[in-house]
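Single-structure report; data block below.
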Amino acid sequence: MTVHGSLDPRSAFTDLDRRLFGGFVEHLGRHIYDGIFEPGHPTAGADGFRRDVIDLVAELGVSTIRYPGGNFVSGYRWEDGIGPRAERPRRLDLAWQSTETNEIGLHEFADWLRLVGSDLMLAVNLGTRGTQEAIDLLEYANADADTQWTRQRVANGRAEPFGVTMWCLGNEMDGPWQIGHRNADDYGKLASRTAKAMRMLDPDIELVVCGSSGSGMPTFGSWERTVLEHTFDDVDFISCHSYYQEHGGDAQEFLASGVDMARFIESVTSIADAVAATKKSDKRIMISFDEWNVWYLHNEEGGQNDKPAESGWPVAPRLLEDQYSALDAVVFGDLMITLLQHADRVRSASLAQLVNVIAPIMTEPGGPAWRQTTFFPFAITSRLAGERVLRVPIDAGTIPSTRFGSVPAVNAVATADAEGMSLFVVNRSVSDAASVRIDVSAFVREHGRDPRIAESHLLHEDDIYAANTLAEPERVGVRPLSDAVVSGGVLELPLAAVSWAAVRLV
Ligand code: AHR
């Protein structure tokens, strides 16, 4: 198929908040223990953190990292993770049926973030706990005063406040699986009370209230409306969570996942703006898409792959260790394109998760760390994305989707900055290659010359199920789009079926 589009560096619809390239680290499976923290590993420093993992997380280019959960946070006592390690309690983690040793807590995680170059985003427990414990944590982390909590913080080695800006008011409180699950009214009231108290302590924080844990939840829509009716004046963001997977070997349907994410974002934005209208307010609630990824949560029997295989409350069991294919990475790249296409309202997003647990980075105890296929679209998009986001109108054919109707076969977005533009594009068709022709004459008019391709990357495998594994860690990667050319104000990109690409134009 031949596909036409256009790219105009002056047509930005929004600036880009780099928090869109955030991540998520939960105390879950081998994420922390045996993932980022493995004392005794050949690359570990005196702090026990694996340097090979730090290097990969830094290369991934993750801005803000949400911590410590996830479902875990709804049973977590943050005080367990501070003070001398030897005195920290071991606890049952009900969410993941594991034992939490608490060797890593707020201080160690903040130290690790400094090493990877990312900022901290904290979630408070509104499952088993409430307003008091949330403001205790905020006081401990952010207060610049002389109190019992700040004295403890200083005694634990941190004289300066942590200065955490973004705070999540619980996690997925709409989900029946969540410890302390509540209905929208009860949660909305608790979130409002907690947010007000937190702001009295630190007016500069930004607060995220829980939206639905997926657009398929039975309460989706009414949950957002009720929760925002209670919290509209108290919060800055509402969260969206969404995970995608291929069902029943239907790759074409799976490749349409970006459309679902787009509709989810647009629905939540509309509900937030409708609540604003009823309150006669011009305030705009932003979206924190703080969990998104491909996740093979449901096995073909309809069960969930999220409990340890072994009984007896293991420490750091192998959980949610999905192996990603080239197909998964193409869908993943399209999800990133979709987030960028909504960057005026999605001002923060967190890839769930980072290491070993539905992750772009895998590790073996005592052994290597490697990049999964999804590593590439994230790292390249984060590195190449400029300050302003541009729409890329595309005139493409459509592909059929049972769930979403006819879906554009090619999807694209771009960014611009002082030096040039970056284009991100996906071919969602399982069968048809696309000859993509992008009109860049606006660039030619501004600069008096065609743009030059400074770099290009193609993610495509003839075997769409090819993956990187411990045995073959570099099976899938990206290669330059050697057939891409710019001439006479037109960028031409041949895109194989099921492929994702990025092109840097200067
Ligand atoms: O990311 C894995 C889990 O998915 C998180 O703990 C939870 O918030 C979501 O259901």
Side-chain angles (χ1 to χ4, degrees), residues 22-33 35-36 62 64-76 92-98 100 109 121-128 166-182 187 191 208-220 223 227 237-245 257 261 264 287-299 303-308 316-324 328 332 335 348-362 372 374 378:
F24 172 35
V25 171
E26 177 166 5
H27 285 249
L28 196 182
R30 298 192 308 121
H31 199 165
I32 304 265
Y33 310 112
I36 68 177
V62 196
T64 309
I65 298 186
R66 180 170 173 254
Y67 173 85
N71 297 340
F72 170 79
V73 80
S74 295
Y76 182 52
L92 296 186
D93 164 12
L94 304 186
W96 301 109
Q97 301 282 295
S98 312
E100 171 58 50
F109 193 67
M121 171 178 178
L122 276 177
V124 300
N125 173 358
L126 291 187
T128 57
M166 277 191 86
W167 293 77
C168 302
L169 296 162
N171 176 70
E172 293 191 348
M173 299 307 299
D174 65 319
W177 58 86
Q178 199 68 215
I179 303 171
H181 160 66
R182 288 167 172 75
Y187 169 66
V208 185
V209 74
C210 291
S212 295
S213 15
S215 60
M217 294 297 289
T219 51
F220 172 58
W223 173 274
V227 165
F237 294 87
I238 185 162
S239 68
C240 289
H241 290 182
S242 203
Y243 293 98
Y244 298 94
Q245 72 178 88
S257 300
M261 183 188 242
F264 187 15
I287 290 176
S288 169
F289 214 119
D290 47 41
E291 288 188 33
W292 70 270
N293 203 347
V294 173
W295 177 10
Y296 287 83
L297 172 62
H298 300 279
N299 59 35
Q304 295 201 344
N305 303 315
D306 59 357
K307 293 285 175 287
R318 287 186 184 258
L319 274 177
L320 281 54
E321 300 205 5
D322 288 16
Q323 175 179 297
Y324 292 119
D328 295 326
F332 181 104
L335 297 176
S348 181
S350 310
L351 164 62
Q353 299 198 14
L354 283 185
V355 181
N356 288 333
V357 172
I358 44 173
I361 298 165
M362 296 301 290
Q372 292 235 54
T374 52
F378 192 100

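Numbering of ligands and ligand atoms starts at 1, following listing order.
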*asked:* Going by the rule ring pair (Phe, Tyr, Trp, His ring centres under 6.0 Å), which residues pair with Y244 if we only count those two or more places apart in sequence or in a different chain?
replied: none

*Not counting sequence neighbours, which residues clear side-chain hydrogen bond (donor to acceptor under 3.5 Å, both in side chains) with E172? List them please.*
W177, H241

*Give the protein residues with at least one non-hydrogen atom closer than 4.0 Å to an atom of ligand 1, ordered by chain and number.*
F24, E26, G70, N71, W96, N171, E172, Y243, E291, W295, Q353, I358

*Look at the aromatic rings of H27 and Y67 and report parallel, tilted or perpendicular, splitting at 30° and 60°.*
tilted

*asked:* Is it true that S74 and N171 share a donor-acceptor pair across their side chains at a distance under 3.5 Å?
replied: no

*Side chain to side chain, L351 and V62, heavy atoms closer than 4.5 Å*: no

_Qualifying residues under ring pair (Phe, Tyr, Trp, His ring centres under 6.0 Å), relative to Y187, sequence neighbours excluded_ = W223

